[in-house]
Student: 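First the structure, then my questions, so here it is.
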Number of protein chains: 2
Amino acid sequence: MPICPLVGRSPSALALCPPVRARSKTNDLTGSIELAGGAMSFLRNCEIYGEGESADYLYKVVSGAVRTCRFLGDGRRHIGAFYLPGDIFGLEANDEHQLSAEAISDSTIVVAKRSALITLAACESDIVRQLWTSTAQELERVQHHMLLLVKSAQERVASFLMEMAERLPMTEAMELPMSRQDIADYLGLTIETVSRSLTRLQTRAAIALPTSRRIVVRNRAALSRLNA
Amino acid sequence: MPICPLVGRSPSALALCPPVRARSKTNDLTGSIELAGGAMSFLRNCEIYGEGESADYLYKVVSGAVRTCRFLGDGRRHIGAFYLPGDIFGLEANDEHQLSAEAISDSTIVVAKRSALITLAACESDIVRQLWTSTAQELERVQHHMLLLVKSAQERVASFLMEMAERLPMTEAMELPMSRQDIADYLGLTIETVSRSLTRLQTRAAIALPTSRRIVVRNRAALSRLNA
DNA sequence: CGGCGGCTTGATCGGTCTCAAGTACGGTGG
DNA sequence: CCACCGTACTTGAGACCGATCAAGCCGCCG
């Protein structure tokens, strides 16, 4: 894991980017978070928060991409989620983060103090409802991810591609922000197996790989057929 | 899958058991649910709700045990969770159930109309907060389960045993309500692998198996050492 | 040009699945 | 009481998928 010459490690650090109003309407909290917080920049591979730290803040991706991850005892890494622009992360059941969060690429993140939102919620009761909604969405995402993990390697990679095809801005091809290692840890596979699955999908003409991070979905039906 | 000579399939069916006040304090919703709903009985292997049905109700286990599950395209079954007395289930991100729920053993379940709770929430704003808390707990549980699924078979079974040891009433030994097939589908393994893992734990003196459903944890440290 | 990191490809190993018996237990009927 | 049965569980042998180990390849940057 590379060293992080990071810009802001703690949420009190200098905000390098002005808040950007997102066009995404996926989450109602969006506005509230931006009201309550400031924007920060994180360099590639920098930690945004650590596993076990107290979950005092909520985060929203403005640009870039974020992974949440956790190391198992034997050094293996598990990635719980990828967050793309518009996504909210940092929601926890307890006051402690279960996984740590890291920037996958240079990213701008809006940070809001959780307690500030709760205070806001006292006046506008809708905020609690919105926090609940966001948590429920996260729950659904994790449930879906759980289903992934009981499938075969080929199925997992196909599912991953379909997920990304929905979430990434797509013009013909999509540009993956994450490395093969990230994908492997997300899917519970090795990089070799991920790579082989991708080339196999390519030879079957389901996808094309102009470059290793750029993927064209040629046959969406073939992909979904692999989803078990 | 056996046929279900079930007592109540829809929440409007006759409640055979009077509401029982639970001593569990694991969830604040507990009281509200019981206020808003009535108790029902479900026989072993009966469906409580189906995948895709609208999620109009919340449920609380009074006695017995419940599994939520989903069938994959090729017939494999995935179990998302086991719910024991005191647990709340049926919370969803959307208005549709992602998985179906079935009674593992004859069970008594308290059912509350979701809309009734939301109405209640209009007066007592705490209810929304409690719904949020329950959802967050569920999220944490699923995250934990996700971590399970990337471990080895031996680790998964050991983790499962430790989870059950915490949740089941224990006096020396614990009595599992679920079958080996249930465990296998919960852990993403086959019954044979589950069985082999258990006997291996027994030969290593980590557990004892007086009967197949009754398990004594002999060496908790040995189990947790296997958790990776 | 050389070197390095990220990715692909190949050969082998091992863990889990699959298929197939064998065993323990509970219930039912004689 | 036992004989019988069906279900749930265990155990064994072999196949297969994905991990591991080990080269090679590619793009990028100095």
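Both backbone and side-chain heavy atoms feed into the values below; hydrogens, waters and symmetry mates do not.
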Student: Rounding to an integer number of Å, can you tell me how far Ile191(A) CD1 sits from dG18(D) P?
Tutor: 16 Å
Student: Is Thr211(A) touching bases, backbone alone, or none of the nucleic acid, heavy atoms closer than 4.0 Å?
Tutor: nothing
Student: What is the distance, rounded to the nearest whole Å, between atom CD of Gln202(B) and atom C1' of dT10(D)?
Tutor: 11 Å
Student: Compare every heavy atom of Glu163(B) with every heavy atom of Tyr186(B), then report the nearest pair and how far apart it is.
Tutor: OH-OE1, 3.0 Å
Student: Measure the CG-OG distance between Leu189(B) and Ser197(B) for me, rounded to the nearest 0.5 Å.
Tutor: 6.5 Å
Student: Could you state the CZ-P distance from Arg214(B) to dC9(D), rounded to the nearest angstrom?
Tutor: 15 Å
Student: Using side-chain hydrogen bond (donor to acceptor under 3.5 Å, both in side chains) as the criterion, list what pairs up with Gln154(A), not counting sequence neighbours.
Tutor: none
Student: Send over the distance from Arg200(B) CZ to dT11(D) P, rounded to a whole Å.
Tutor: 13 Å
Student: With a 4.0 Å cut-off on heavy atoms, is Leu189(A) in touch with a base, just the backbone sugar-phosphate, or nothing at all?
Tutor: sugar-phosphate
Student: What is the separation between atom CG on Leu209(A) and atom C1' on dG6(C), rounded to the nearest whole Å?
Tutor: 14 Å
Student: Check the pair Met146(A), Arg70(B) against side-chain contact (heavy atoms from CB on, under 4.5 Å), reporting the backbone distance first and the verdict last.
Tutor: CA-CA 12 Å; Met146(A) 201 165 58; Arg70(B) 178 173 198 163; over 6 Å; no
Student: How close do Pro177(B) and Arg213(B) get, heavy atom to heavy atom, and via which atoms?
Tutor: O-NH1, 3.1 Å
Student: Select from Thr193(B) and Gln154(A) the residue whose nearest nucleotide in DNA chain D is closer to the 5' end of that strand.
Tutor: Thr193(B)
Student: Might you list the N or O atoms of the protein lying below 3.5 Å from N or O atoms in nucleotides 21-26 of chain D, with each pair's distance?
Tutor:
{"from": "dC21(D)", "atom 1": "N4", "to": "Glu192(A)", "atom 2": "OE2", "distance (Å)": "3.0"}

Student: Could I get the full list of salt bridge (Lys or Arg N to Asp or Glu O under 4.0 Å) partners for Glu175(B), not counting sequence neighbours?
Tutor: Arg214(B)
Student: Thr199(A) has a side chain; which of dG18(D), dT10(D), dT9(C) sits nearest to it?
Tutor: dT9(C)
Student: In terms of relative ring orientation, are Tyr59(B) and Tyr49(B) parallel, tilted or perpendicular, with 30° and 60° separating the classes?
Tutor: tilted
Student: Among dT9(C), dG6(C), dT10(D), which nucleotide sits nearest the side chain of Arg44(A)?
Tutor: dG6(C)
Student: Using whole Å, report how far CG of Leu198(A) lies from C1' of dG18(D).
Tutor: 15 Å
Student: Respond yes when some side-chain nitrogen or oxygen of Ser195(A) is under 4.0 Å from OP1 or OP2 of dC7(C), and no when none is.
Tutor: no
Student: Side chain of Arg213(B) only, heavy atoms from C-beta on: which candidate in dA8(D), dT16(C), dT8(C) is closest?
Tutor: dA8(D)
Student: Would you kindly give the CG-to-P distance between Leu187(B) and dC17(C), to the nearest whole Å?
Tutor: 10 Å
Student: Quick one: Asp185(A) CG to dC7(C) P, roughly how many Å, whole number?
Tutor: 12 Å
